2 protein chains.
Amino acid sequence: MPNPPTIKEIAKRLNLAASTVSRALHDHPRIGLRTRLKVQELARELQYEPNQTAIFFQQKKTFTLGIVLPELSEAFFSAAISGIEDTANKSNYMVLLGQSHDDTEREQKIVEIMKNHRVDGLLVSLAKNTVNYAHFEMLRKYNIPVVFFDRIPNMPDIHYVASNMESGTIQAVSLLLQRGHRVIGMINGPEKLIASQQRTTGYQKAMQQQRLKYDASLNVNADLTKEGTRNAMQQLLSHKRKVTAIVAFNDYVSQDAVQYAVEQGLEINKDITFVSYANLPISSYMAFPPLASVEQYPYLQGQKATEILLELLSGKLAADRYQQTVIDSRLVIAPGR
Amino acid sequence: MPNPPTIKEIAKRLNLAASTVSRALHDHPRIGLRTRLKVQELARELQYEPNQTAIFFQQKKTFTLGIVLPELSEAFFSAAISGIEDTANKSNYMVLLGQSHDDTEREQKIVEIMKNHRVDGLLVSLAKNTVNYAHFEMLRKYNIPVVFFDRIPNMPDIHYVASNMESGTIQAVSLLLQRGHRVIGMINGPEKLIASQQRTTGYQKAMQQQRLKYDASLNVNADLTKEGTRNAMQQLLSHKRKVTAIVAFNDYVSQDAVQYAVEQGLEINKDITFVSYANLPISSYMAFPPLASVEQYPYLQGQKATEILLELLSGKLAADRYQQTVIDSRLVIAPGR
DNA sequence: AATGACTGGACAAACGGTTGCGCAAATTTA
DNA sequence: TAAATTTGCGCAACCGTTTGTCCAGTCATT
C-alpha cells in the first residue's frame, strides 16, 4: 500500500545483499539456484515491480521514442503512427507524442522538451515550412539519433524513409495521357519540398516517355491551404490551353480543387478529371472522389522508420552509415473507373 | 563533448558544493547574490541542462501523462488528442501514447507498461468491448489517477468527461419536426451503450415536447458495421409508416445509410433526410452530407479531461472527490441548409 | 595436506540531483 | 560589548538499481 517494494526490501527480508537480489532476478549464473528461487518467489509474493525511473536513470536509457509530426488529424499521419507504435511496442519501447501543427517554432520547442526528457531517439516528419534544421543538428551532440519520414529535410547525412512520388506521378500522368488527356495541370506543393520536386520530375518523365513536351506553366506551386488551391485552380483554368485533367498534391487539395471546379460550372469526370495522392479511406464517401490516387503506404513508412531507429539504438546499425529508404508510391485506380 | 555537464562539474570548477549549485540554479534565497550569479553564468556557458531522468527518479514524478484510446484514425480521437496535448504541454507535461485498437487485451497491456514507465496519470477512452475494469482498479494502489473521457466505464467512483447525447438529440429531432417530418427513424448503436440510451431518451423527450407519441419500432439498434446499418435501413424503409427522416448514430453510419437509400432509388433531402452525430470535418466533402450533425466537441473533451487530471496531480483536486463533467452536445446545421 | 580453481555472495561505488541540518561568519539587537 | 539573529554555504544522506571487485568457503587435483 504505502511504498512499492524495492530490491532492498527483498534483500533485507532474506538477509541478502541488494546486489544478490538484483542478480537473482536477472537469472545471473553466479547466483545459486536455491537463493535465486527464494528471491524470485518473494518478489512474486510482494508483487515486486522494478522502478523503471531508477533503471532509466542508471542505464541512461528511457526506452522511449519521440515522435514529432505535423497533424494527427491528417489520415496519413494517424496511419503512420500506428505503424510506429506497433513496431516500437514489439521492442518494449513507448512512444512520446508531439504535434507541431505545422509550426516551426512549436517543432523546435517539442524537440527541446523531448531532448530533456531523454528520449532514446526521434522520429520526425517536418512542419511544412521548416527550413532551418539547427534543432535537429543539435541532437547529434547528445547522441540522439533521428530518423525522418515522409516530410524530410533537404540535407545530406540524415536517416530517412520517404516515398518516392516520382514513380506514382509517372503512373498518374501516364494514366491520364492514356485516356486521351493532353493538357494536364498540376497543383503542386511548395517549391522547396522534395516531394514537390519529385512530382515535377515524374510529370516531366511521363511526358517524355510519350515524346510529349512538358509545359512548366501547367505546373503551379501552391501552399496547400484552401485559398492557395483555389488560386492555383483559377490560374490553371484560365490557362491559354484548355486543361482537361488535374493532378492534385493530395486528396485534401483535390477536394478543394473539385469544389472550385464545380462552382465554376464544370462537370467532374467530363469537363475535367482529377487524380491525386494519399488514397484516403474516406474518399469512398466523397462526392467526387479522384479517378485515381497515389498510395504512399503510411503504415509501412512508420514501421520502416521505427525499425531503422531501433537498429540504430541497438547498435546494429552504425550512426554514420546513413539509412535512406525510399518506398515506391503506386497508383490506385478508384473501383469501377 | 562526451558527457553533458553536471551540477557536480559546475561545483568543482567554482569550488562550491553541489548543493549550493543546485540551490543557486533554483534561485534559493539562502544563496548569496554573487555566487548565485557566478553559478548561473557558468551554467549558461557550459550549456548545462539538468538531467531529467535523475530528477524524475529523485522526485518520483515523470511529468508524463499516458493516453489510452481505441483508434487515432477516428477523427474524434485525433481531435481529442490535440486538446490533450495542448493542455498538457502548457503545464510542461508530455504525452505517452497507446492505441488499444479496440482490443481489451492490448488495452490491459498498455496500461501495465504505462504503469511501469511511471506515468503520473492516465487519460483513457475505453476499447469498445472492455467490460472488466481490473486493470484500471489496480492503478489505485499505485496512486496513479485516471480520468476517462468519451467512452467511459459503467461504474461509480471514477473521474470522467463525457458528452451528453441527449441534448443534441433533442435538438436534432426537434429540427426535423419543425421541418414537418412526422415519421422519424433512428439508427441507434448497441443497446447497452450509454450513448445509445441517451439518444433514445433525447428522441422521446423531443417528441414529448411537441405532444407527439414516441414509436419504439422506429428506433432500431445496430452494431455500427456497414452491414448492420444496411439491415437497419431495410427495416426502417419497410416500416408500415413512411419514414421521411433518419437520425443516424454518427457520420460514418449516416454515409452507409445514405448509400443504401440511394441504391433504393430514394432522393436524398427530398424523399428522405438525414441527421447524424460527430460533425466530421470531412463531411463538407461528402456526396450527401447530413442536413445537420451533433457536435461532440472532442477537442474540448480532451482539454477538460486533461485539466482535471492535472489538478488531481497538483493536489488542487482531491482524488476521492470524483469529477464527472458532462459536456452538452449541440446540433450544427450544415451551411446553407 | 597443500595448492588451485570454482562457487556463491557481500561490499561499495556510481548514476545526477535535492534537501535537512549544522556551522561559521557577518550583522543586528539589547 | 555580549547575545541573538541572520546570512551563506558545506556535509551527507537519499532515491532504486546495476556492476566491478573482493572475500570466504567448497571442491577437486596432485
Side-chain angles (χ1 to χ4, degrees), chain A residues 2-43 46-64 92 115-120 142-143, chain B residues 2-43 46-64 92 115-120 142-143:
Chain A
N3 341 28
T6 71
I7 238 173
K8 291 181 184 173
E9 176 69 20
I10 297 181
K12 196 177 295 174
R13 294 211 194 196
L14 294 175
N15 269 322
L16 289 174
S19 54
T20 305
V21 174
S22 171
R23 286 193 245 256
L25 290 173
H26 287 82
D27 283 322
H28 191 290
R30 302 281 315 250
I31 303 300
L33 183 61
R34 245 198 318 279
T35 35
R36 201 186 315 171
L37 291 179
K38 255 195 331 201
V39 168
Q40 296 183 351
E41 192 195 324
L42 183 58
L46 296 181
Q47 301 195 53
Y48 166 76
E49 301 273 359
N51 182 334
Q52 295 286 358
T53 63
I55 296 177
F56 294 163
F57 172 48
Q58 211 272 102
Q59 315 251 295
K60 299 169 182 301
K61 264 203 90 173
T62 59
F63 291 95
T64 303
N92 283 314
K115 183 202 73 190
N116 287 346
H117 264 248
R118 295 291 207 268
V119 295
D120 292 340
Y142 294 87
N143 275 319
Chain B
N3 343 30
T6 71
I7 237 173
K8 292 182 183 173
E9 175 69 20
I10 297 182
K12 196 178 295 173
R13 296 211 193 196
L14 294 175
N15 270 321
L16 289 174
S19 52
T20 305
V21 174
S22 171
R23 286 191 246 255
L25 291 173
H26 286 83
D27 283 322
H28 192 290
R30 303 291 307 256
I31 301 299
L33 183 60
R34 243 198 319 280
T35 35
R36 203 187 311 173
L37 291 179
K38 254 194 335 199
V39 168
Q40 297 182 350
E41 191 195 324
L42 184 57
L46 295 181
Q47 302 196 50
Y48 166 76
E49 301 273 1
N51 181 335
Q52 294 287 357
T53 64
I55 296 176
F56 294 163
F57 171 48
Q58 210 269 110
Q59 316 251 300
K60 297 169 182 303
K61 263 203 91 173
T62 59
F63 290 95
T64 303
N92 282 313
K115 184 202 72 190
N116 287 346
H117 264 246
R118 296 291 207 268
V119 295
D120 291 340
Y142 294 87
N143 275 319

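In what follows, chains carry the letters A, B, and so on, assigned in the order in which the sequence lines appear, proteins first and then strands, with residues in each chain numbered from 1. Treat the numbers as computed from the prediction; the structure is a model and nothing was measured.
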Ring centroid separation A:His117 to B:Phe56 under 6.0 Å: yes
Base of C:dG8, side chain of A:Arg23 - is there a donor-acceptor contact under 3.5 Å? no
What's the CD-C1' distance between A:Glu9 and D:dT17, to the nearest Å? 15 Å
B:Asn51 CG - C:dA14 P separation (whole Å): 17 Å
Note, A:Leu42 side chain near A:Tyr48 side chain (heavy atom, < 4.5 Å): no
Between C:dC11 atom P and A:Leu16 atom CG, what is the distance in whole Å? 11 Å
Rounded to the nearest Å, what distance is computed from the CD atom of residue B:Gln52 to the C1' atom of nucleotide C:dC15? 15 Å
According to a strict under-4.0 Å criterion, is B:Thr20 in side-chain N/O contact with OP1 or OP2 of D:dG10? yes
Without decimals, in angstroms, what is the distance between A:Arg36 CZ and C:dG9 C1'? 13 Å
So, do A:Leu25 and A:Val39 sit near enough that their side-chain heavy atoms are less than 4.5 Å apart? yes
Mind running a 4.0 Å heavy-atom check of residues 26-35 of chain A against DNA chain C and sending the residues that fall below it, in number order? A:Arg30, A:Ile31, A:Gly32, A:Thr35
Within the structure, does a side-chain N or O atom of A:Ser22 lie under 4.0 Å from either OP1 or OP2 of D:dT17? no
Of the options C:dG17, D:dC9, D:dT17, whose atoms approach the side-chain atoms of A:Tyr48 most closely? D:dT17
Is the closest side-chain heavy-atom distance between A:Thr6 and A:Asn51 below 4.5 Å? no
Is it the case that the side chain of B:Glu49 and the backbone of A:Asn116 share a donor-acceptor pair, with hydrogens and angles ignored and the cut-off at 3.5 Å? no
Check whether any side-chain heavy atom of B:Ile55 lies under 4.5 Å from a side-chain heavy atom of B:Lys61, and answer yes or no. no
Any donor-acceptor pair under 3.5 Å linking the side chain of B:Gln52 with the backbone of A:Arg118? no
Any cation-pi pair here, B:Lys60 with B:Phe57, using under 6.0 Å and within 45°? no
Whole-Å gap separating C1' (C:dC15) and CZ (A:Arg118): 11 Å
Using a cut-off of 4.0 Å on non-hydrogen atoms, how would the nucleic acid contact of B:Ser19 be classed: base, sugar-phosphate, or nothing? base
Among residues 54-64 of chain A, which ones have heavy-atom contacts with DNA chain D below 4.0 Å? A:Ala54, A:Ile55, A:Gln58, A:Gln59
In the structure I gave you, are the side-chain heavy atoms of B:Thr53 and A:Thr53 within less than 4.5 Å of one another anywhere? no
B:Lys8 NZ to D:dA13 P, in whole Å, measures 14 Å
Using atom CG of B:Leu37 as one end and atom P of D:dC9 as the other, report the distance to the nearest whole Å. 11 Å
